[in-house]
Amino acid sequence: MNKTISKPFLLSSEDLTKEDLELIFKQADFFQTSYKPGDKFEDLKGISVALAFFENSTRTKLSFEIAAKRLSAEVMSFTASTSSLAKGESLLDTLKTIEAMGVQIYVIRHGSSGSQQFLQRNTNGIILNAGDGKHEHPTQALLDNYTLLKHFGTIQGLKITIVGDIFHSRVARSNINVMRTLGAEVKFLGPGTLLPRRLNPWNVDQIDSIEEAIEWSDVILVLRLQKERMNSGLLPSNDEFSDFYGVTLKRISKKPGIVIMHPGPVNYGVELDYAISSYPNCLIQTQVTSGVFIRMAVLSLLSEYLKN
Ligand code: CP
C-alpha cells in the first residue's frame, strides 16, 4: 500500500495527526499544480463512491462529485427526500442497501451529530463526514487550512479569530483542532448566546469586540448565523448582530492585509458586508477552489485502503 492517512475513514478532525495533515496538503498541492481541464487521474478507477446528503449543500456536494469524477470513480448521488427513507426505511438499512450494490466509499452529510460515526461502526466501507449536525466538518477545516497555507506559506504562529455563531458551528469545531495542530493561535468572538454553553470546552480565549479582533488577528474566519439550528430568543435581531459583530470594509480598513474567510453560504448584510467580496484578501472563492483539490487528496489517500 502507498502512503496514506492513519485511519481508514474521515469522521472527525481528531482522526488526523499532524503528519496526516501534511500528507493531505502535499497531495492536494500535487493535484492543484498538475491538473489540467479534461484530465482524469486513475486513483479511484474501479471504485464506487456514493454521495449521500441528508442536509442541503452546494459546495461540499459538488466539490466531492467533481473530485471523485476527476479521479475516475463511479459516482452515484443519493437524494434523501426522494428515497425510501420517506417510506420508513432506517438510515442504517439505507447504507446497507447502497453497500449491497458494491459502493465502497460514502460521503455523508447528516443533520444529527454522530450519524457518520454510528454508520462507520456498521460498514466495511469508508465513510467521509461531509458535516454532521453541530459536530464536525473535517474537509472544510482541511480546505480552510490549505487555503491559509497557500496564502501565508505557514500556519505556525498565525493569529486567527473565529467570529459569529460558534455554538452551532461544525466548521468552528473542526477548525480549532486543525489550526492548533498546525501551530495557529485561535480566539473567538460572538454573542454570549452563540458561544459554547459548557464554559470554554476547548480552552479558547474570547475577544471582546470586532475592533479588537481586527487589531489582533492575521485572519478573521466569519461564520453564518445558523438560524435553522437555533431556538428562538438567541439574538435580538440581525441588525444588532451586524452592528456588533459584522465584518465591513470600513472596519477592516484599519488593518490592511488582514485575511477574511467564510465557509459559505454567506448571508451578506448580516455577518459580512457585500463589499468585502471584492476585497483582495477575501479568500472565499479561493476556499471553494481549494475544496476540490483537498477532496481529491482525501479520496485518493483513503482509496489506498481498498487496494491491498
Ligand atoms: N461550506 C459548506 O459546507 O457549504 P455547503 O453547505 O454549500 O456544502
Side-chain angles (χ1 to χ4, degrees), residues 10-13 15-16 24 28 49-70 75 77-81 105-116 127-151 160 162-179 190 194 219-230 247 259-268 270-272 276-277 282-299:
L10 180 52
L11 302 175
S12 156
S13 57
D15 293 329
L16 298 166
I24 292 167
V49 176
L51 307 174
F53 280 64
F54 300 88
E55 254 193 7
N56 295 345
S57 169
T58 298
R59 291 149 203 79
T60 313
K61 188 174 182 196
L62 286 178
S63 62
F64 264 116
E65 183 171 349
I66 291 167
K69 285 179 175 168
R70 283 186 188 171
V75 183
S77 203
F78 169 87
T79 308
S81 60
I105 297 180
Y106 307 86
V107 178
I108 302 176
R109 171 170 289 188
H110 200 283
S112 300
S113 303
S115 302
Q116 291 87 331
I127 295 186
L128 276 128
N129 180 359
D132 63 323
K134 294 183 288 190
H135 178 230
E136 283 255 7
H137 192 351
T139 59
Q140 180 68 44
L142 287 170
L143 74 88
D144 289 341
N145 283 272
Y146 178 70
T147 302
L148 288 173
L149 185 64
K150 299 289 274 185
H151 186 86
I160 302 169
I162 305 179
V163 177
D165 182 359
I166 290 150
F167 179 67
H168 297 101
S169 178
R170 53 198 179 206
V171 174
R173 278 164 185 73
S174 295
N175 259 306
I176 290 161
N177 290 332
V178 174
M179 286 169 172
L194 299 180
V219 180
I220 303 270
L221 174 60
V222 186
L223 301 174
R224 181 175 66 89
L225 289 179
Q226 297 196 39
K227 290 278 172 90
E228 73 276 18
R229 296 189 211 282
M230 289 185 198
V247 177
V259 161
I260 305 297
M261 298 173 79
H262 192 305
V266 181
N267 289 148
Y268 285 109
V270 182
E271 67 266 12
L272 213 55
I276 294 267
S277 59
C282 171
L283 303 186
I284 295 174
Q285 294 307 320
T286 314
Q287 288 171 265
V288 176
T289 304
S290 297
V292 175
F293 298 110
I294 279 292
R295 286 163 179 139
M296 287 174 80
V298 171
L299 285 167

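When a ligand or atom number is given, it counts from 1 through the structure's own listing order.
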Check whether any side-chain N or O of [X] sits under 3.5 Å from a backbone N or O of [Y] as a donor-acceptor pair, and report yes or no.
{"X": "Ser174", "Y": "Val171", "answer": "no"}
{"X": "Glu136", "Y": "Ser13", "answer": "yes"}
{"X": "Arg173", "Y": "Ser12", "answer": "no"}
{"X": "Asn129", "Y": "Gln116", "answer": "no"}

Tell me the residues surrounding ligand 1, counting only those with a heavy atom closer than 4.0 angstrom, sorted by chain and number.
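Heavy-atom contacts below 4.0 Å: Ser57, Thr58, Arg59, Thr60, Arg109, His137, Gln140, Pro263, Gly264.
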Listed by chain and number, what are the ring-ring contact (aromatic ring centres under 6.0 Å, His included) partners of Phe78, not counting sequence neighbours?
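Per chain and number, Phe78 pairs via ring-ring contact (aromatic ring centres under 6.0 Å, His included) with Phe54.
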### Cationic tip of Arg109 above Phe53 ring, under 6.0 Å, 45° of axis
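Geometry flag: not set, cation outside 6.0 Å or 45°.
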